[in-house]
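Read the structure below first, then the notes.
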2 protein chains.
Amino acid sequence: MAGKGRVRLVDVAEHAGVSMKTVSNVVNGYAHVQPATRARVQAAIDELGYRPNLTARRLATGRTGMIALAMPEIDHPYFGELARHVAEVAATQGYRVIIEQTLGDEAAERAVLRDREAGLVDGVIFQPMRIATLDIARLHRDLPLVLLGEVEAPVTTDHVMIDNVQAAADVTAHLLAQGCTRIGFLGMVEGDITVTNSRRLLGYQEALVRAGLPLDPRRVLTVGGFTSGDAAAAVRAAIAEGPAFDALVCRDDRFAVGALAALREAGRTVPDDVAIAGWDDSALAQWTWPALTSVAPDKHELARVAFDLLVERMGGAQGVGRHRVVRHSVSVRASTAR
Amino acid sequence: MAGKGRVRLVDVAEHAGVSMKTVSNVVNGYAHVQPATRARVQAAIDELGYRPNLTARRLATGRTGMIALAMPEIDHPYFGELARHVAEVAATQGYRVIIEQTLGDEAAERAVLRDREAGLVDGVIFQPMRIATLDIARLHRDLPLVLLGEVEAPVTTDHVMIDNVQAAADVTAHLLAQGCTRIGFLGMVEGDITVTNSRRLLGYQEALVRAGLPLDPRRVLTVGGFTSGDAAAAVRAAIAEGPAFDALVCRDDRFAVGALAALREAGRTVPDDVAIAGWDDSALAQWTWPALTSVAPDKHELARVAFDLLVERMGGAQGVGRHRVVRHSVSVRASTAR
DNA sequence: ATGAAAGCGCTAACAA
DNA sequence: TTGTTAGCGCTTTCAT
């Protein structure tokens, strides 16, 4: 029962008959240590089972070697995959990732930017949902920060996104190419203050206009929440009372999955009666029935670029905010194949 | 450009004209402080924008207020949901959770138990996949640890699980009640050394025997990996060459989803030709077509019990390992409704 | 109720 | 190449 962290650097030093500095040199792989000394120290380390106390090291160096990844939900397919990529990218440079779940709670989002990260992490990658960008500028002080997702970022803050307008236009154009003419948008979310939705809606509208098609506002469905069930309810309501549509551009794959279920219930066939396109290209997209066409952000690239920007900030870079756009594609599957 | 953590306790003390101790008392909500003093200190804190340095606090107190949750994959639906529950439960007691992804890598799993956690977290909740239980006993030293999942835990280590034998028997019995008689098991995974699979297989077999049905080893499918695609391939192969089956008990929902796709491809109807039951009752289960019957571990309870055990260990409890079994149920949906 | 000072375990100048 | 020592910012006895 040695007790966690019981063996200290000084214990090893005594045991090996050298100074703390020498032990520290060995532990940190400093080159200029006599082989004999190194061996003796290493033996003492092994014998005593020494592990450096990371907290103490942090206090001394001012570095934690950790970054925080803050996002709305850890169990959302997209965010889960993104987290995996960020963790992998960060690991290549020796960083660990703390995942912080905000659950779309504004207080939690503020906390991300304030005291909670004080000295805990060296930087933060943050996908906000509720917090306004001006608040971000005001709150984030000097904590290195990179924003994810399409926010109206203040100029002092880096951020990484895909071109949501273009991507929405791309997927809508794909639907048009399949012969769809009454394309709906699912959907605007009540209470969602991010510009993500409006950007996607804009791209969808641009593609329609470009094709010479009318914009029917009744084909833009409003959804009461962020779950598949909320989306299904919206589609059910639209079927009951709304105008006919022969395709739906969905805000994300979870909405698309809800749409598939609602259409099936109503006896509509996908893609023949209604083509369905999702967004995120999450792992589940290829296993729905029919398999889901989906906008595919390059998640790995998103993670890599965000981390690289953050590393620069953590290294002290002080310039204005950089805005990086990462490429996307449309993964075409059966749900839109006519 | 105040610099992160630039304002220190001593700065606040000076500004307010009191000692560090008094500021510390205010920051930590110590009761015996004169209201006037408290107000003055609080004003200084607000004015200077002071945030306590958590690393320094940790070094002084020896507590980090964080626990690690180590599991194979963060983007697996089950683990994502579990992580969410653990984070929620931990937050109620002021703990934060670091999520550690092992990707089923043995070295990563060893690291979880060793130096990586030195001083980083107060305890670890760990779902191992590759590491043998004896190694766990040898490596974990004095780090408070709770194991998740059905491992042959050494007596010194706490662990929490559901009764996999019983759950497999339950879902198999449900299938029998639906009139299925040629029930298969999908599947044994090559290279999986955990006992999870064998426990589930055992429950499946027990239920068949209890019903007086023969055990046909050819109905136990072997899968080459952990993805839906691997499962789909196994089902395809079984359809091509294996014996007929009218139901499949699947190792998890991802396997079940792969089975649905493979059966559809082959022109088999679910549930009429083949009933499908998954495992984990993840969010996607209700959105597949047909909706998936699935074994439902009580994930919240799993998280709660694991965290409670861990809290006791972090408080210094030294007894032998406790083994806790959490309740499960079977969420019945269309994929088994005949 | 508040202050003074000794650590917590490590790193990093600065010396030797 | 190795040793000495002064911090890192906080908590926490022990005084007052």
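Heavy atoms only: backbone and side chains are in, while hydrogens, waters and symmetry mates are out. Proteins get letters first, then strands, A, B, ... in listed order; numbering begins at 1 in each.
With C:dA1, C:dG7, D:dT2 as the candidates, the nucleotide lying closest to the side chain of B:Ala60 is C:dG7.
In terms of heavy-atom proximity, B:Ile74 sits nearest to B:Ala83 at CD1-CB, 4.5 Å.
With respect to B:Arg130 and B:Asp105, no salt bridge is recorded, no charged nitrogen being found less than 4.0 Å from a carboxylate O. Looking at A:Arg84 and A:Glu81, no side-chain N of the basic residue comes within less than 4.0 Å of a carboxylate O on the acidic one, giving no salt bridge.
Using a 4.5 Å heavy-atom threshold, the side chains of A:Val12 and A:His15 count as separate. At least one side-chain heavy atom of B:Leu9 sits less than 4.5 Å from a side-chain heavy atom of B:Ser24.
With rounding to the nearest 0.5 angstrom, the CD atom of B:Gln127 is 12.5 Å from the CE atom of B:Met161.
Look at CG on B:Asn28: it is 15 Å from C1' on D:dT13, rounded to the nearest Å. The separation between B:Asn53 atom CG and D:dG7 atom C1' is 14 Å, rounded to whole Å. Distance, B:Arg8 CZ to D:dG7 P: 12 Å, rounded to whole Å. One interatomic measurement links the two molecules: CZ of A:Arg63 to P of C:dA12, which rounds to 10 Å at whole-angstrom precision. B:Leu59 places its CG atom 17 Å from the P atom of C:dA6, with the value rounded to the nearest Å. Whole-Å rounding puts the B:Leu9 CG to C:dA5 P distance at 16 Å. Atom OH of A:Tyr30 is separated from atom C1' of D:dG3 by 13 Å (rounded to the nearest Å). For B:Leu120 and C:dC8, the CG to C1' distance is 16 Å, given to the nearest whole Å.
Of the listed residues (A:Glu100, A:Met66, A:Arg58), just one forms a side chain to side chain contact (heavy atoms under 4.5 Å, CB included) with A:Leu120, and that residue is A:Met66.
At the heavy-atom level, B:Thr37 lies under 4.0 Å from the strands shown only through sugar-phosphate atoms.
Along DNA chain D, the nucleotide nearest B:Lys21 and the nucleotide nearest B:Ala56 are compared for position; the residue whose nucleotide lies closer to the 5' end is B:Ala56.
Phosphate proximity of D:dT1 to A:Thr22: absent, as no side-chain N or O sits under 4.0 Å from OP1 or OP2. OP1 and OP2 of D:dT1 both lie 4.0 Å or more from every side-chain N or O belonging to A:Asn25.
Contacts between residues 10-20 of chain B and DNA chain D, defined by a heavy-atom separation under 4.0 Å, are made by B:Met20.
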